[in-house]
Amino acid sequence: MPDEMAQPLIRGRGPGGGLHHHHHHLEASASDHSDPIIGILGTGDFSRSLAMRLVASGYQVVVGSRNPQRFAALFPEEAEVTSQIEAANQADLVFMALFPEHYSTLAELKVALSGKPLVDVSNASHISRGGRSNAQQLADFFPECAVVKGFNTVSAWTLQTGARDGNRQVFLCSDHLHAKSWVMQISHRMGFTPLDMGLLSSSQELENLPLLLFPSWRIPVVLLLGLFIFFYLYNFTRDILHPLITENKSNFYRMPVDTVNVTLPCVALVLLALVYLPGVGAAFIQLRRGTKYQRFPGWLDRWLLQRKQLGLCSFLCAALHAIYSLSLPMRKSARFKVINEAYKQVQAGVEPLWDDEAVWRMELYVSVGIMALGLLSLLAVTSLPSVSASVNWREFSFIQSSVGHCALTAATVHTLLYGWNRAFDSRQYRFFLPPTFVLVLIPPLVVLLGRAVLLLPCVALQLRRIRRGWEKGRQIRFVMPQETNNKMEDVSNV
Amino acid sequence: MPDEMAQPLIRGRGPGGGLHHHHHHLEASASDHSDPIIGILGTGDFSRSLAMRLVASGYQVVVGSRNPQRFAALFPEEAEVTSQIEAANQADLVFMALFPEHYSTLAELKVALSGKPLVDVSNASHISRGGRSNAQQLADFFPECAVVKGFNTVSAWTLQTGARDGNRQVFLCSDHLHAKSWVMQISHRMGFTPLDMGLLSSSQELENLPLLLFPSWRIPVVLLLGLFIFFYLYNFTRDILHPLITENKSNFYRMPVDTVNVTLPCVALVLLALVYLPGVGAAFIQLRRGTKYQRFPGWLDRWLLQRKQLGLCSFLCAALHAIYSLSLPMRKSARFKVINEAYKQVQAGVEPLWDDEAVWRMELYVSVGIMALGLLSLLAVTSLPSVSASVNWREFSFIQSSVGHCALTAATVHTLLYGWNRAFDSRQYRFFLPPTFVLVLIPPLVVLLGRAVLLLPCVALQLRRIRRGWEKGRQIRFVMPQETNNKMEDVSNV
Amino acid sequence: MPDEMAQPLIRGRGPGGGLHHHHHHLEASASDHSDPIIGILGTGDFSRSLAMRLVASGYQVVVGSRNPQRFAALFPEEAEVTSQIEAANQADLVFMALFPEHYSTLAELKVALSGKPLVDVSNASHISRGGRSNAQQLADFFPECAVVKGFNTVSAWTLQTGARDGNRQVFLCSDHLHAKSWVMQISHRMGFTPLDMGLLSSSQELENLPLLLFPSWRIPVVLLLGLFIFFYLYNFTRDILHPLITENKSNFYRMPVDTVNVTLPCVALVLLALVYLPGVGAAFIQLRRGTKYQRFPGWLDRWLLQRKQLGLCSFLCAALHAIYSLSLPMRKSARFKVINEAYKQVQAGVEPLWDDEAVWRMELYVSVGIMALGLLSLLAVTSLPSVSASVNWREFSFIQSSVGHCALTAATVHTLLYGWNRAFDSRQYRFFLPPTFVLVLIPPLVVLLGRAVLLLPCVALQLRRIRRGWEKGRQIRFVMPQETNNKMEDVSNV
């Protein structure tokens, strides 16, 4: 290395490379081995994967085990497997890869570990609110050490594959800044993206993270299932029970495909309307209040946060509806029906069969339906993390808002065309139940009407002023440039 | 912390951790609060989201407002909301979250802000070329401060969700390196990926970024629409106008589905050919010139850059074409036709109906068509940012080039089989207009022929030599190993 | 900048910003230009793209060429293009963008380059195991320099587009830590994610990386093709040869669509079973051994690593099968058959046609099939890098394991319903060959039975104990918290 670069290190004036400060510093001061020695206590899968990763990143690793002999074979040979006390003595920084319930058995290591950073990678066995987190308990037990919480959201798998795929983010928190930033550098060098989560008090939250199972999906999925069951039963009553009772005609064979296929679009359309309803609602609330400097009610905030999931559920139903519809003519039942119809026609000797209205209706709603599906697919694709990350927020809000409303409109038109004039045909009201599409059209029409009102020049102007910080009565001077756009995005997308 | 680690800090010899140099330094020197105090001027959405994020990342935040009382409630309680002058005095670094037009009203803060880094997060209201950017105006107004441009591409939404989803990149530029690198560390700690865009002169470009709406998609989408309209009218004339005029037969019902469905594949095939045409063209230009050390004409460069978008547009049309085709037998019209045909057959009392050629033709082009779609889907999936990021460039170029040409070939064969011998049937030339597939086949056949020529041993050899740096007449000695491959990729993919 | 921040730099006590330590350091000590001067030797595509990127990132770039005059035009004007010796003298760090075979011609630069970091970006022309890598040869030739291997996996294209899309990871290795960390900072500033791969000895591996073409896909794709050919011939014999020989009936027209369509689901189901077979096998091995602290046999490890690819291949076949099935009624052949059936029926004058069993069977297996496809799509989507990166490993393992087994069950039921009672119909055993679905059902049924056994309370309990570190005979005290989950994930997913 050039002198002017190497010198300061010898003189300890300035470290070598920012990212790798510590080992340079260590180099300068204590050991002449330029890297810190990383200790790992425990010999489980995580411990092994961690050792592999650290070795692969060029660190010197020492593993502490109760019986080194039998576990050594499971570790990369570059890693030294020794007794716990030995490892604790050698290491500059220690990963605690043990069950939290075993922390208490490490009493004899207290002296050896004193003053060293300890990384608590443990997870809670169940979601806990309140109480001391594992990391906090570790800190209580080793008050001399700088406890850092982290890596618990990383799986042994990701460690082995070196974060090529799998989540690259490592959440870290600690009350000791130097220890935290040191662990940050190590995780950087391991190919992860460290994310500082503040003080050790957030460790509980971090320990709960891996225990959560799609929290943001719970409500949308429940809603999806609920709507599906409701509409399935509704259609079952109208299409299968009614003919059975009135004409004693058995249509049970329609249950697996036909009934499912009339149910899916209902769910899809209602869910899609629910994606855009809260945005319209929020706009009206702001107009009513004449300000945007008041929080929305909690339920509305939560609803706004679930739109992405609602939209994807809606897309899933729409896609299944498309496949089911396309599979209709393939079925034996359809085939038999055509043949029998042809047979009847021949027996009756009627003129060639053609119902122009029926033809037009179907050609139109098929075509519009396909377009609606195409637009929904665009929305689904742009909500993929990597795609939404590669568009700027103006593009994202354009897709999610404009294209989204086009999709909703197309889907509504598709349903209207499907319904045609049958809403006004009394025979369609079996058991006095209106045709399904009549019920289903209510939410989207509400959204589209509300949206239409918001687009009225006067209303639109007022809303824009409010979103730029204007307030009924008083005038704010300081507002944020992007406001309009952010707000728009904030309210009508994601 | 171990002594040999803590010592130097106390003595201020070397900072703690690279990523978090500054607060360590501050700790070492001035305050014993180890973090810088981050100030925010303005109280809009962006300001609030920024405050949340900074607090969540463990920073001490002070917000400057015109009337702290009424805005305090909107900010996290960890953040101190106070007067502007107070905030300016306390802060070590200040985010300017105000309308640029209000900068001038901050005259009284000049002393308090003097010498401090100011981060300009503002966006332009409209795309501007030339003139002074907001950031430059800020720098003019606060000549004492180190103005850093950045975060303007980040939305309030992304800030709130802590960059879990949404774009992680933060573009920064400044004439003051220390201020810039400090802001880089802060954005790192907030979980973003800072990207250094050089000096403040690039701030204009940064301010334009969020105003761009899919710039790279404009031409391909316009092309898509143009082609669609042209071919739709062309098919409308041949399939609907012609029978109406000649046989007075009304086929208008075919407009929504049939006509759309014969138009989509035309657009898809032409667009797909346009993806591979420039690559072939570039190769011939290089052969002609006998060197690769000359830039391609501008239009060709731009064309080469739009191939990904062209390919995805083509895929969209192909997918829609598939769905439309699959929906054909589902329609009432198809059903009526079958029944009437059966009726006619019975009336005529003819032998069982079977046209072996028609059957073979259709079986073949359906099968080839599905394969073409499958290959196109592979291309589409690999062009997803996260997928293309997980393959090395040789794999990427293999998919985009080899698989791409297979898809083009399959699509061409699909069209040839569909056309069958009808190109030579004079009755197909209604109004002397050739069948659509005849027009559509020209571009892909040009590409495939050009490609075939380039694969001739002699030509291929010559081209390889040129791409390895050989030049007509003279011999270059120093070329880059990856050249061939990069060039190949450069020309025939992405 | 505030004094307490600027001071130390002047005094050279502590550098400015971690990320950009070096130039600050240089600033403090040597030049008053705050950035290092980056040299590039060579003028190929890579060299040019590298120069653009470095200039865009605000670095001062000097390019060394044999004849600067003619190449200058190809470089950004901010970059200085000069003679090689001149460039070597000016630069603080040099990128070697030349053919490795030309390294030896740089003898005259030895003095000028001495003590400077050299970045070897070259690739091997062919995969090599053993021998000296290009980088090692460079180090042998310039023993005075700090050779860093890296950027060889980055394409000229990615450099130009500034890592907006394309792979952001840059793998670096070197025996000189300061040089490596300096290059890390540079790549960081260029917008890449540097990943430390340890010492220069790993350079061979790095040079092989770009030469690998989907190594993890080879076996699954070969398996896919093999299974396809086998089942295609099998079905060809049963459905086309048999009628030809026995009834002299020519069904060759069924080859392109029908036969392909009965072959694809066979391949899909077998591949899907192969995804979950190794997990079950691994569990039984652990039960047998009574411990998890023994490595699985190599073939099982490799198999476990290929499950993602196997699953995606299976999904591809399933999706194609769906499209083929949906296209069936669209074909002329299907149309002719319906018409002829109607004709026959009329001639026979039979009652309306209806086979309730056939109808039920088909309605059921169509519906179940669509659901299986839906579940498989969920699996496919979650295996997209960006999606799997955005879920925690518990969610990932839930999807891949639970949803995966649901998909396998649905697909098996779909096949059973398709088979119906025909397995027991002797006429189905043409040439004594059992119907395809009989063969195909074996692997999935094995998996599902094995899985059922593992779910028996006693077995499940034993397995859980083993995966938490319990061992037959002895009791381990120190095991890792996440073990169960990680192991579970490790074995049954990804």
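Every chain is numbered from 1, with letters handed out A, B, ... down the list of sequences.
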Heavy-atom distance under 4.5 Å to chain A: side chain of [X], backbone, both or neither?
X       : result
L384(C) : side chain
L373(C) : side chain
L326(C) : both
V338(C) : both
L378(C) : neither

Given the options [options], which has more heavy-atom pairs under 4.5 Å with chain A than any of the others?
options                            : result
M362(C), R361(C), E395(C)          : E395(C)
D356(C), V381(C), L172(C), D355(C) : D355(C)
S367(C), G374(C), S325(C), A342(C) : S367(C)
V368(C), I370(C), V359(C)          : I370(C)
V346(C), L199(C), I399(C)          : V346(C)

**Request:** Kindly determine whether F252(A) and E363(C) satisfy side chain to side chain contact (heavy atoms under 4.5 Å, CB included), including the steps that lead there.
**Result:** CA-CA 11 Å; F252(A) 288 106; E363(C) 302 279 331; over 6 Å; no
**Request:** Identify which part of V257(A) has an atom lying under 4.5 Å from any heavy atom of chain C, answering side chain, backbone, both or neither.
**Result:**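 Looking at V257(A), backbone and side chain both touch chain C.
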**Asked** Would the Y253(A) and W360(C) ring centres measure less than 6.0 Å apart?
**Response**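 No, the ring of Y253(A) stays outside the 6.0 Å limit from the ring of W360(C), centre to centre.
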**Message:** Just verifying a value: how many Å separate W354(C) CH2 and I339(A) CD1, rounded to the nearest 0.5 Å?
**Reply:**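 Answer for the CH2-CD1 pair, W354(C) versus I339(A), is 11.0 Å.
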**Salt bridge present between R335(A) and E341(C) (N-O < 4.0 angstrom)** =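 E341(C) and R335(A): salt-bridged.
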**Message:** side chain to side chain contact (heavy atoms under 4.5 Å, CB included) for Q345(C) and N340(A)? Distances and angles first, verdict last.
**Reply:** CA-CA 9 Å; Q345(C) 193 194 0; N340(A) 295 333; 3.5 Å; yes
**Asked** Counting heavy-atom pairs under 4.5 Å to chain C, which of A319(A), A73(A), P329(A) comes out on top?
**Response**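 Option with the greatest count: P329(A).
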